[in-house]
Asker: 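Quick one: this structure, given as structure tokens, is what I'll be asking you about.
A, B, ... follow the sequence lines: proteins, then strands. Residue 1 opens every chain.
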Amino acid sequence: MVDYAILLIALPLFAAFLIPLVAMVNKNWPKYIPILVTAFNSVLSINLLLYLNAHNGTPFIVKIGGFIPPFGINLFIGYLAIILLMLISFVGLMISLYTINTVKDAESRYYMLFILLLMGVTGLVITGDLFNMFVFLEITSISAYSLTAYKRDGLSLEASMKYILIGSLASVFVLIGIGVIYYSTHTLNIADISNHINTVPKYIKMFSLSMLLIGLAIEAELFPVNGWVPDVYQASPTPVTTIFSSIVVKATIYVFFRVLFTVFRADLTVMNFVMGLGVITLLIGEISALKQVNIKRMLAYSSIGQVGLIVIAISSYSSMGVAGGIYQMINHAIFKGILFLGTAYMITSVSGTGKISDLKGIAQKMPISSFIVSFSIIALLGVPPLTGFWAKMMILSSVMSSGHQIIVALILFATVVEAVYYLKFIAVIYDSSEITNSFKSTIKFNKIVPIVLFALTIILFSVVPQFLVKFQDVLLKAANELTNVSSYISIVLGS
Amino acid sequence: MSTDSMYRLLVTIAVILGSIIYGFFINSLARRITARVQNRMGPPLKQPFIDVIKLYSKRTFVTHGIMQTLGPILMLTGIISTLILIPYGKGYLTLYSSNGDLITILYIMTFGQLAMALAVGQAGNPYGTIGVARGLTRMFGYELPLILALISLIALNHSADVNVIIANQHGGIANWNAFRHPFVGITALLAMLGMMSYQPFDNASAPAEVASGPITEFGGKFMAIMMTTNAMFVVAKLALLVDLFFGGASNIFILALKIFLLYLYPLFVGLVFPRFAMEDTFLFFWKWPTLIGFIGLAIAIF
Amino acid sequence: MSWVETVYNYSYFVGAFGLIMIGLYAVMVKTNLIKILIGINLIDVGVNIFLVSLGYIKGKGAPIFSNASVTPANSIDPIPQALVLTAIVIGVAVTALSLSVIIKLYQHYKTLDISKIREMRW
Amino acid sequence: MDDLKRPTLDSDFTCDMAFNKITKWAQKNSLWLLAYGTGCGAIELSPTMTSRYDWSRLGIRGSATPRQADLLLITGYLSTKTLKRVIRSYEQMQDPKYVIGFGSCTINGGMYYDSYNTIKQLDLYIPVDVYINGCMPRPEAVLSGLAYLKDKIGDKKADGWIKYKQNFEWYRENQKKILKSFNGDNMPDKYNW
Amino acid sequence: MNVLRTIALILSLGFLSSILFYKIRELRNLSIIASLSVALGFVIKFFGIYTGIKRAFSYKDLFYFKFDAFSNFFVVLILGVGLLAILASWNYMKEKKGETFFYVFFMLTILGMVGLVYSRDMLSFFIGWEVMTMGSFLVILQSNEKDRFKFALRYFIISLIGAYSLLWSMFIIYNKVHSFKFSAFNSSVFTKGELTTLLITISIGFLIKAAIMPFHTWASGAYSRSPLTFTAFFSGAMSKMGIYGLFIFLYGSIGLSAIYKTGYNEFFQTSYFQYTLVWLGVITAFLGTLRAILSEDIRVMLAYSSVGQLGYMLIGIGLGSTLGLTATLFHVVTHGLFKTSLFIVVAAIIHRTGKTKFHELGGLINNMPIAFIATLISIITLAGIPPLGGFATKWLLYEAMIEKRMFFATAITMLASIGAFLYAYRLIQNLFLGQRKLEHDDVKPAPLTMQIAMLIPALGMVFLGFFPNLLIKYTNLFIELINIDFFKLGVKVTDTAFTNSYGYWNAFYLGSAVVIIFIVSTIYYNLQRRAKIYKIGQLDIYTAGEYVTRETPLNYSFNFYGFIFDSLKPAIKYSVTNFITRISKEFIALSDFVRRIYTGNGQHYAIFTMIFTIITLIYFLS
């Protein structure tokens with residue numbers, strides 16, 4: 001059996017609490033532990049992928065402590081879980097590489113929180129138990145609060161305070177939801193709940209669904225409740241922002257839909273409500289990004305927009321739509337990775353205050369990184385040969401087939417708005433007038449390597465069609481895992 | 001060359017020379033009439049011929065470049081090719097009008113004007129260029145009513161062939177186009193004022209303002225060619241208008257008479273009206289004549 | 001009479017939701033950060049009481065199997081209590097963290113009024 | 001004044017008789033005069049061209065530009081300043097060109113004989129074919145002068161333009177004497193073209 | 001051997017060489033020119049031949065490509081104009097900044113367009129379309145004009161809107177027909193409402209690309225701010241993609257029958273949709289020409305003239321009759337020829353003098369004689385004056401319109417073509433004739449490659465003027481593939497005479513007549529032997545006796561048609577462009593309002609969450 005999968009969570013936990021000891025031995029060793037942990041996790045997830053292929057793609061579960069499923073906590077690992085795991089560990093590896101000398105006076109506490117955050121997110125993705133999901137959610141939130149406040153200047157404290165205020169409300173809602181479910185189905189295992197969910201009276205089911213929906217919506221950055229997102233993205237240190245936008249959001253959206261699809265067997269009324277939320281998030285996110293002056297805040301709003309798009313895709317409830325949503329998740333993680341890391345590298349070299357106008361004409365001095373940033377922007381906009389286009393095509397065709405023609409028009413309109421502010425950004429970078437403030441060209445390899453690797457993945461995904469088609473049916477299988485409740489139950493409870 | 005095409009060639013040459021002479025004759029008649037209106041004798045009838053011979057006998061010719069020498073030649077070519085496309089009567093007198101319909105004629109007329117404009121440009125005299133610009137603006141003005149009139153003719157006769165239009169007007173004066181379709185006739189007559197570049201609309205070569213306009217730099221032989229082509233062009237345009245609106249002519253003499261009578265109309269209008277300013281010329285053609293033209297076209301279609 | 005009966009039966013739930021409502025009032029209306037934090041704690045306590053009272057069955061004792069007289073039949077459901085334990089721990093952690101943030105905020109902004117602390121907006 | 005060469009029959013002038021006769025007749029009967037009133041006599045030109053005297057009977061017509069003109073009228077006194085324009089216009093006219101001087105001022109300065117800024121003797125600067133006397137000749141006198149010029153053209157005596165071309169240096173030197181800043185006003189030394 | 005595969009291989013080799021050899025200019029340029037000319041030769045060799053060669057190519061039943069006369073007509077145009085443009089930009093881009101990128105993006109655009117034209121399914125059509133737009137956007141970006149970003153951005157955004165309206169219509173079709181293939185489309189499956197939305201979105205998408213009146217705002221900026229040799233390609237070949245798209249979607253896959261079947265009540269058997277297309281074309285032709293007459297910058301004038309000329313092509317398509325389509329195709333070729341040569345001439349002038357305004361230039365005829373000849377032939381074709389090819393298009397178009405009894409439209413189009421004569425004359429007068437400025441005395445003639453690139457289209461135009469029936473042969477090949485059976489070919493073409501029910505015109509005869517008469521008049525001109533001809537300098541002109549120097553401004557070129565501007569001033573201020581700028585300002589204000597929702601106050605966010613909970617509870621519990 002594949003019990004070593006639990007190491008995915010255990011090892012980061014162990015490493016996190018090892019760091020203070022290592023710091024006592026040698027001050028600058030902790031820098032390399034996150035790299036080791038994320039590398040180990042990615043190797044492990046690739047191993048799990050091979051194991052899964054060997055068993056022709058049927059997901060498997062890992063019983064913790066030998067308890068048979070309805071009683072103990074079990075991990076559910078399928079294609080979808082592995083895709084997210086690889087995403088987390090690969091992007092985590094890149095970011096930890098990036099942070100080696102970015103956060104200057106990084107005490108060991110920063111690396112500990114960093115690994116805790118990654119562990120929390122990994123747990124969220126693979127757990128099969130509802131309360132366990134809540135605990136992992138809390139671990140992620142707490143480490144996120146402290147990481148946001150890490151710079152200890154006015155802005156980061158303010159952002160962290162707002163995040164704590166809204167985050168605790170979210171945990172309250174989730175807790176009430178879980179309590180009500182437990183009260184009505186007397187079990188916490190997701191598969192077991194969805195088995196008995198029909199017996200629950202309608203009002204209680206709806207109440208707990210709405211409670212959980214609100215709590216997870218706050219974490220998944222949907223419109224009315226994502227007030228904290230722009231401030232947190234702007235104020236936290238860049239590696240942390242990249243983790244939020246590339247990894248944490250993806251995991252919370254996965255949890256949001258796992259709860260809706262599997263736990264509550266959501267029907268069309270719920271899906272329409274969620275799609276409405278997605279559309280509003282998309283529009284508000286894109287339109288308000290138009291007039292931003294700070295780069296990170298602009299990228300934050302654009303991430304909100306992209307989250308809206310992913311939510312629309314998955315809530316269109318057709319297999320092509322969900323597959324498109326997952327594909328867009330991966331794309332978005334990579335593009336935002338490049339954008340955040342690239343722009344931060346430029347800003348540090350210009351030692352600017354993060355305003356877009358500081359980067360005027362930077363392309364002359366930093367041709368490689370500005371080329372990669374604009375390449376990723378063009379890919380994000382969905383220009384055909386690159387990956388963004390295929391993901392958008394999948395999403396649009398599924399939304400159109402589910403009959404919402406107006407929403408397709410809105411998505412296209414949002415893409416046009418996105419094109420406006422991103423191309424204005426490119427125009428500033430490639431402005432031919434020479435740079436205003438001082439520029440010290442410090443070529444730091446650990447900053448350029450992650451961006452280059454991300455760019456290679458884009459090219460890999462877009463240019464190699466065979467890879468694309470095989471990749472497409474992996475996506476379809478993953479989508480199936482999310483939406484097909486009966487197979488989930490049979491796998492968990494069947495064995 | 002079959003005998004028939006030989007005859008046609010001879011007749012064409014005869015018509016070209018005839019149009020030069022008749023053009024000069026009309027020109028001198030016009031000058032005499034204007035003189036008589038101004039209560040003075042006016043030049044002898046053969047004055048245009050004398051002028052041309054004198055210009056030809058000039059000893060020195062001044063040219064600013066290849067285009068200025070080439071311009072008059074091309075203008076002559078353009079005017080003659082317009083001439084041969086217009087029918088002047090029956091049989092051979094239809095010259096080569098079987099090779100181009102009304103639209104072709106309308107477009108080949110501009111060939112001569114373009115050539116002259118280029119020659120003026122090469123001369124480099126600002127007066128010349130202003131004259132050409134004014135001429136082109138005036139053309140842009142009067143083309144609209146003219147086109148409306150021609151298009152309504154095409155709509156009425158279901159064909160753009162000038163001979164067919166003439167054929168449709170046989171019989172008495174009653175079914176000449178000018179009278180059978182009054183609106184079309186009026187538009188054509190108003191547009192004709194612009195075409196003739198006579199007194200009210202002679203702001204292209206206004207003597208006081210732009211020192212004889214486009215031909216400022218043209219002396220001697222070029223001036224001679226200008227005058228001959230002008231004469232031919234007047235005859236060609238009038239012949240076309242006679243064909244389209246006044247029933248064409250069975251033989252050459254009736255055509256000559258009709259041309260002269262039609263020629264008197266812009267002459268008398270010219271004598272009465274002072275010269276228009278450029279903006280008024282342009283707007284004049286785009287106000288009343290166009291309105292009447294649209295009404296005529298509407299009637300023609302429905 | 002029936003709603004009095006239901007209130008009696010589910011008196012714990014009513015109490016818990018009452019606490020939550022008070023906490024929410026504090027968070028929504030009060031502008032002082034410390035008061036908001038107290039509001040959040042009130043909500044946490046309310047939720048914990050709600051969770052514990054979920055497992056309570058009238059007239060049954062605590063499931064401590066050491067003395068023989070206690071059998072699974074006449075004891076209440078212990079799992080919500082386990083959940084509450086973790087929830088309380090999480091609540092403590094969050095409160096500690098937010099207190100330290102508020103202290104730092106005060107040092108920086110010299111005020112505790114939440115409507116004043118909005119340097120990052122739009 | 002003395003080294004003025006007599007105008008010899010220049011090669012341009014000799015042409016076969018038949019053709020010559022017609023051109024002579026044409027040049028005689030169509031005189032286009034440059035509409036450039038240089039002095040006080042220009043006022044006399046309007047009555048000659050309007051209804052009472054009407055010189056268009058004689059085939060005379062005004063022309064706006066020197067390129068088309070054959071005849072240049074110097075009507076009355078000629079100030080040095082106008083001389084510059086007159087020289088330019090005269091040289092821009094095309095070749096068989098004639099000049100008529102009005103009144104005594106062109107002959108010997110007339111009543112402005114001692115003024116500092118008029119040309120005393122027109123003949124020194126541009127060749128004059130016909131003089132019409134009268135302190136501003138009436139229209140009849142003008143017409144008779146024009147008729148006289150036509151006869152001169154008829155029997156090939158109006159050869160002022162050849163005299164100018166053959167004695168060009170002499171004329172140019174006189175002009176330079178009277179017009180101090182010759183090249184200052186960038187007047188070309190050689191013949192206008 | 002599959003023709004398509006070889007052409008794709010050759011072109012991608014050209015593209016790769018533009019990337020790999022970017023260091024060695026000659027090798028790169030030669031390899032690009034070689035690849036383009038080989039591909040062009042290939043296409044011409046197999047133009048009409050359908051036997052003996054594998055012509056179709058499909059990949060994973062997603063992308064379909066086909067090689068037939070229908071697309072070859074446009075591919076020849078693209079490759080031909082592209083070849084001329086690259087040949088001209090050999091010297092034009094020699095020492096300019098960003099030259100290497102220019103060739104890469106240019107080849108990218110050509111690749112996108114050729115793929116677009118050969119594709120037989122909507123997905124690859126759309127991919128080709130986007131690659132073309134992106135390529136041209138990048139070319140404008142890297143040119144070193146001053147304010148290129150503003151116009152490049154406006155161009156990209158508007159063409160993006162066009163592309164997305166196409167995408168939307170593609171999805172509507174895909175939804176009902178479940179396949180992207182063109183041939184899979186049958187109009188019976190759609191309701192009337194859907195078919196109308198389909199027609200509207202498709203035509204919006206293509207009209208934006210063809211810069212027709214309401215959507216033309218990007219044209220003047222994009223054409224004038226990109227490197228001029230690329231603009232020759234831009235307006236010579238790229239703007240025709242809009243027209244090609246209309247061909248495919250209206251007459252190719254969707255087919256004219258669809259428009260009929262929707263039961264539009266007709267007015268003289270032309271449906272309302274066709275009327276709108278024709279009248280859009282007419283208005284664009286007229287207003288485009290008017291704007292061209294009144295513009296002061298050379299490139300802007302040529303840009304608006306392209307907008308006007310595209311209006312003519314739209315009229316041809318709108319008519320829908322075979323004669324109308326022939327007129328459009330004819331105009332596509334002639335416009336490609338004269339616009340390429342005009343833009344290259346202007347490129348040469350700017351390359352040599354650096355000036356782009358009319359009143360800064362003048363009198364270059366002695367410096368650039370060949371450029372003058374090329375411009376002369378181009379403006380004669382532009383104005384449609386008979387001896388040259390331009391008249392053929394005008395004649396075909398008018399006959400087609402008269403045949404469909406659209407007389408008002410014919411009148412205004414004729415007026416527009418007279419307007420074309422106006423700005424054509426101004427172009428040649430202000431650039432080549434008139435007084436030459438002091439600093440332009442030592443201007444060298446245009447570089448050799450540019451001269452070749454100018455003269456080839458000029459020869460083409462002259463040839464077209466005398467033998468238009470050869471081009472008609474190719475257009476018939478094109479139109480019979482669209483199989484409009486119920487419209488017979490309007491015009492009977494016997495060797496070079498065009499006759500139809502309304503009029504006739506014999507190209508060769510007229511051309512030869514003009515030549516003969518030209519010879520006769522030269523003889524007449526040289527009759528008088530004895531006069532001596534003097535060639536005099538530039539300053540020896542009638543200036544009322546004044547002595548002028550080279551500094552005195554003697555060129556009448558600023559505000560050339562001021563009269564028209566003064567008289568039409570009240571009507572001119574309503575222009576579409578400031579309407580569009582106003583809209584974009586309002587949108588920016590909206591975005592400023594929307595972002596205010598994030599007030600920055602933590603408590604407000606908590607209140608938002610509470611409102612959200614109430615809403616979800618009401619939604620779910622009810």
Asker: Can you name the residues of residues 607-622 of chain E that have some heavy atom under 4.5 Å away from a heavy atom in chain C?
Answerer: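 Residues in range: E:Ile607, E:Met610.
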
Asker: Within residues 89-120 of chain C, which residues come under 4.5 Å of chain E, heavy atom to heavy atom?
Answerer: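 So far as heavy atoms go, C:Ile114, C:Ser115, C:Ile117, C:Arg118, C:Met120 are the residues that approach chain E to under 4.5 Å.
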
Asker: For E:Phe593, look at atom CZ and say whether over 12 heavy atoms of other residues, nucleotides or ligands are found less than 6.0 Å away.
Answerer: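 No, not enclosed.
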
Asker: So, taking the atom named CZ in C:Arg121 and the one named NE2 in E:His604, what distance separates them when rounded to the nearest 0.5 Å?
Answerer: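 Separation between the atoms: 12.0 Å.
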
Asker: Does atom CZ of C:Phe17 have more than 12 heavy-atom neighbours, drawn from other residues, nucleotides or ligands, at distances under 6.0 Å?
Answerer: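 Counting neighbours around CZ of C:Phe17, more than 12 heavy atoms of other residues, nucleotides or ligands fall under 6.0 Å, so yes.
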
Asker: Tell me whether E:Phe579 at atom CZ has more than 12 heavy atoms from other residues, nucleotides or ligands lying less than 6.0 Å away.
Answerer: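 Not buried by this count: 12 neighbours or fewer within 6.0 Å.
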
Asker: Taking E:Gln603 for its side chain and C:Lys30 for its backbone only, find out whether a donor-acceptor pair lies under 3.5 Å.
Answerer: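 Looks like yes, one N/O pair under 3.5 Å.
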
